[in-house]
2 protein chains.
Amino acid sequence: MSSSYPGRGVHGRVVELLGERVASGMIREGDTLDLRSLSAELGVSMSVVRESVRVLAAKGLVDSRQKRGTFVRPRTEWNLLDADVVRWRARGGDTARLMADLAELRALIEPAAARFAAQRRTENQLADLDQALDCMDRTRGDPRAHALADLEFHRCLLAASGNELLSRMDLLVAPGLVERDILVHSADPKADPVPAHRAVVDAVRARNPDAAEQAMRALLAAADADLRRLAGTALDPPNRKDRP
Amino acid sequence: MSSSYPGRGVHGRVVELLGERVASGMIREGDTLDLRSLSAELGVSMSVVRESVRVLAAKGLVDSRQKRGTFVRPRTEWNLLDADVVRWRARGGDTARLMADLAELRALIEPAAARFAAQRRTENQLADLDQALDCMDRTRGDPRAHALADLEFHRCLLAASGNELLSRMDLLVAPGLVERDILVHSADPKADPVPAHRAVVDAVRARNPDAAEQAMRALLAAADADLRRLAGTALDPPNRKDRP
DNA sequence: GGCGTAAAAATAATTCAGATTTATTTAGGC
DNA sequence: GCCTAAATAAATCTGAATTATTTTTACGCC
């Protein structure tokens, strides 16, 4: 959905497939991909395989050197900030660490974005926030639509921060957000996240940076608490020592 | 240097060239790229052009649709968090806004990374930090080597944060850092940034999160002050209202 | 005559097949 | 130990066939 590769086309499917295989560890670091075998296995021509490999190379997942072949690069060189890479990892299994890292980043990014938004928001951006809030209000009862509205709200807030780079972090906040929304909404349909969101908008409207930052922290803390209550301690920060 | 495309090879050069043209605005949003003309203009075959376009598409810069052609996507859909895109933008001209956004992000990311590092660093990571510090100390006098050592220090710190996503933000801190280092060091060779860096390491060693965060803030503030002193108010946050 | 729907044409990317070139590693020769 | 040659796999090129989508055209209906 948020991919750069529309569903149509053979190339897109090959990229997705190879991306998942690499990100999931099914093809390990240093392993070489035999392009010819892949061409045969997937029933596509070399052109398609080559173009797909180029895309993976553009995201730092693989490298192609003459004579040595195409091999998986070490994890430390992957573009982990790429939306596709995040998605492939999420599908590939190691969601625990990924989600923990994403949550930490959100806790870092969003309060700051709220602060900036309170300082720099335009009238249009404020209107967008109001509209997203309305949409969240209206879609209560429809989990899927509500999750989309929630995401749109956070997107608008990041956009209002006036920092393009911060704004593009929406790709990183999205996965954690939708997971939370699905879980929480299915278990506790009466919960209403709108007031907490409205508090953020009110602070942004009043151009009060401290209040905006604080309201966003409260929102994230509440979301995190919901998650812990439902999923036990699954999202507790794991012991991170002794990582190579 | 930090690119995914080794200097060797025709493909890499075409990607660089097209990336710069798009990122610099030389080819504007919505404009279509005529692959056939490009093939003729650059003296390469369609295969190379197609594979290069795929890479740009992977970074969200362009989209290829049958019948309509290959066109530049709106800026809002570019992967601004991609190292190549950052580099192309930097070369393309709009450095003012880019550097301001990068600086804001650094001010957000690095103190948090220092805090996490103080909580979670391993002995090996601490040793890496010490080594980077030594290297900074030894390379005083050689601006280029010193800038590299400085960068390596910040990379080690991000790595010690124990958060892979945070760690990959090194791609974003690098451009601003080298610009600063070049400017400061050429104008004021006697300035010694090592003590400020050592303060961060000491706090990380002592596992004192508050001190680490504070030391990093101080470091960034000092760097920013240097920059302002030398470049006037060039990096003052511009008035960001009334952006569409 | 105006309008909406369905078939047909045009177009550019997409995919394919296979030959040629280039760079790099490994092995062999001086 | 250094230089040369063979082997290898990616890199590049060529040009044709295919596919999907837009635009146009034609037809029938109101």
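The chains referred to below are lettered A, B, ... by the order of the sequence lines, with proteins before strands, and numbering in each begins at 1. Values below: all heavy atoms of this structure, side chains included; hydrogens, waters and symmetry mates excluded.
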Between atom [atom1] in [X] and atom [atom2] in [N], what is the gap in whole Å?
{"X": "L38(B)", "N": "dA13(C)", "atom1": "CG", "atom2": "C1'", "value": "14 Å"}
{"X": "L42(A)", "N": "dC16(C)", "atom1": "CG", "atom2": "C1'", "value": "15 Å"}
{"X": "R50(A)", "N": "dG18(C)", "atom1": "CZ", "atom2": "P", "value": "17 Å"}

**OP:** Please name all residues satisfying salt bridge (Lys or Arg N to Asp or Glu O under 4.0 Å) with D130(A), sequence neighbours left out, ordered by chain then number.
**Re:**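 Testing D130(A) for salt bridge (Lys or Arg N to Asp or Glu O under 4.0 Å), a comparison that skips the adjacent residues, returns R205(A).
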Original post:
D142(B): what forms a salt bridge (Lys or Arg N to Asp or Glu O under 4.0 Å) with it, not counting sequence neighbours?
Top reply: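 D142(B) satisfies salt bridge (Lys or Arg N to Asp or Glu O under 4.0 Å) with no residue once adjacent residues are dropped.
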With sequence neighbours excluded, residues passing side chain to side chain contact (heavy atoms under 4.5 Å, CB included) with [X]:
{"X": "A159(B)", "answer": "S167(B)"}
{"X": "R68(A)", "answer": "R65(A), F71(A)"}
{"X": "R155(A)", "answer": "L151(A), E152(A), D170(A)"}

Original post:
Side chains of W78(A) and E164(B): donor-acceptor distance under 3.5 Å anywhere?
Top reply: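 Short answer, no.
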Original post:
Which residue pairs satisfy the side chain to side chain donor-acceptor pair (under 3.5 Å) criterion with at least one member in residues 17-26 of chain A, sequence neighbours excluded?
Top reply: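 Side chain to side chain donor-acceptor pair (under 3.5 Å) check on residues 17-26 of chain A returns E20(A)-R91(A), R21(A)-E41(A).
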Original post:
Which pairs with one or both residues in residues 120-153 of chain B pass ring-ring contact (aromatic ring centres under 6.0 Å, His included), sequence neighbours excluded?
Top reply: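 Non-adjacent pairs meeting ring-ring contact (aromatic ring centres under 6.0 Å, His included): H146(B)-H185(B), F153(B)-H197(B).
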Between the protein and nucleotides 13-16 of chain D, which nitrogen or oxygen pairs come in under 3.5 angstrom?
from: dC13(D); atom 1: OP2; to: S45(B); atom 2: N; distance (Å): 2.8
from: dC13(D); atom 1: OP2; to: S45(B); atom 2: OG; distance (Å): 2.9

Subject >> Base versus backbone protein contacts along nucleotides 7-12 of chain C [heavy-atom cut-off under 4.0 Å; B, S, -] >> reply: ----BS
Original post:
Does R54(B) place a side-chain N or O at less than 4.0 Å from the phosphate oxygens OP1/OP2 of dT14(C)?
Top reply: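 Checking R54(B) against dT14(C): at least one side-chain N or O falls below 4.0 Å of OP1 or OP2.
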